[in-house]
Amino acid sequence: MDNAAVLAQYDRDMREGALPESPGARVERVGRVVRHVGSEDGWNGVVWSDLSAADADAAIAEQVAYFGGLGRDFEWKLYGHDRPAGLGDRLVEAGFVPEPEETLMIGESGEQAGDAELPEGLRIVPVTDMAGVGLMAEANEKAFGKDSAWLRDLMRDRLATDPDNLVALVVLAGDEPVSSARMELIPGTGFAGLWGGGTAEAWRGRGIYRALVAHRARIAADRGYRYLQVDASDQSRPILQRLGFAPLTTTTPYVRVGLHRVV
C-alpha cells in the first residue's frame, strides 16, 4: 500500500468531499474550509481545511462566529499533516480545548478478510432492529463503562434512514452480549470506517476483536470497498498494527464550547 497516496485519497474523498452524516445535516465549503452542520442533535465541526499562516486566524474566527450564530458547540478535527504548522496552538488561543489524540490507521479489506474464528460458544449476530440495538448498547456499556444512550439514538436513526450503508454486529455468549462493533460504508469512496469495537473485560484476549475486524473486512471487500479506516486509540493502535493496519497520521478533536446564539 502506498501510504502517501492513500492519505491523499482519504483527504480528498473523506474530508474535502465529506458527506452529511444524516438526512437533516449538510456539508458546506467556505473558502478553504469544509464544515459539517448537523441536524438538531447531530455533530457539528470542521472536517477539512487547507490554510496558511496568513489566513488561519481569520478562518478560525469565521467558524467560531458561524457556529456561535447557530448557538452550537463544534469540533475542529485536526490532522497531523494539516497546514499551517502550529494550527493546534492557534485553535487553543481561540478557545478550543484538545481532546486525546488518535491515530488514523488504514488497512486493505482483502488482506484483513482471512479466517478468524471466535471461541467456542460465541457467535456474531447482525443488528437489524431495535432489539439488536439494545444488545449492542449493553455490550458497549460493558466494554467502555459509559452510558450508551447516544449509541441507541445513532443506531435508531441510521437503521431508519440509511441501513444499506451500515453494518452493525453484536457478539453473543448464549444470550449474553459480550462485544459489539459497527462499520460505516461511505458511498462513492473506497473507504469503510470501523467504529466502536469493544469487548467486555472478562472476554478480552480471546480473539473477538480480530474476528470482528475480519468479519467486517469480508463484507467491505464483497461490496467493493478496498480500504478499512480506524481512528485508533492508544489501546487499539498496537492491536491494529499487529493485524497489518498502517498508521498514516494523527487526528485530534479540538472542541469549542459555550457558544451562544446572538438574537
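All values below were derived from every heavy atom in this structure, side-chain atoms included, with hydrogens, water molecules and symmetry-related copies excluded. One-based numbering along the sequence shown.
In summary, of the residues considered (Leu194, Thr103, Ile239, Ile106), a side-chain contact (heavy atoms from CB on, under 4.5 Å) with Phe245 occurs for Leu194 alone.
In this structure, the side chains of Gln63 and Trp76 come closer than 4.5 Å at one or more pairs of heavy atoms. Two residues are said to be in side-chain contact when any heavy atoms from C-beta on lie closer than 4.5 Å; Arg182 and Arg158 fail this criterion.
In terms of the side chain to side chain donor-acceptor pair (under 3.5 Å) criterion, residue partners of Glu28 (sequence neighbours excluded) are, by chain and number, Arg26, Arg35, Tyr66.
By the 6.0 Å contact criterion, CZ on Arg83 is open, its count of non-hydrogen atoms from other residues, nucleotides or ligands being 12 or less.
Look at Arg237 and Asp234 and you find no salt bridge, because none of the NZ, NE, NH1 or NH2 atoms lies under 4.0 Å from a carboxylate O.
Side chain of Arg156 to main chain of Arg152: no donor-acceptor pair is present (N/O by atom type, distance under 3.5 Å, no hydrogens or angles). Arg72 contributes a side-chain N or O that, together with a main-chain N or O of Gly38, makes up a donor-acceptor pair within less than 3.5 Å. Side-chain N or O atoms of Ser49 include none that pairs as donor or acceptor with a backbone N or O of Leu51 at under 3.5 Å.
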Audit row: Phe67, Arg256, side chain to side chain contact (heavy atoms under 4.5 Å, CB included) steps and yes/no: CA-CA 10 Å; Phe67 284 105; Arg256 186 66 159 80; over 6 Å; no
Anything under 3.5 Å between a donor and an acceptor, one on a side chain of residues 165-178, the other on a protein residue two or more places apart or in another chain? List them.
{"from": "Asn165", "atom 1": "ND2", "to": "Asp162", "atom 2": "OD1", "distance (Å)": "3.0"}
{"from": "Asn165", "atom 1": "ND2", "to": "Asp162", "atom 2": "OD2", "distance (Å)": "3.4"}
{"from": "Glu176", "atom 1": "OE2", "to": "Lys142", "atom 2": "NZ", "distance (Å)": "3.3"}

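For Asp231 and Thr251, the side-chain atoms include no donor-acceptor pair closer than 3.5 Å.
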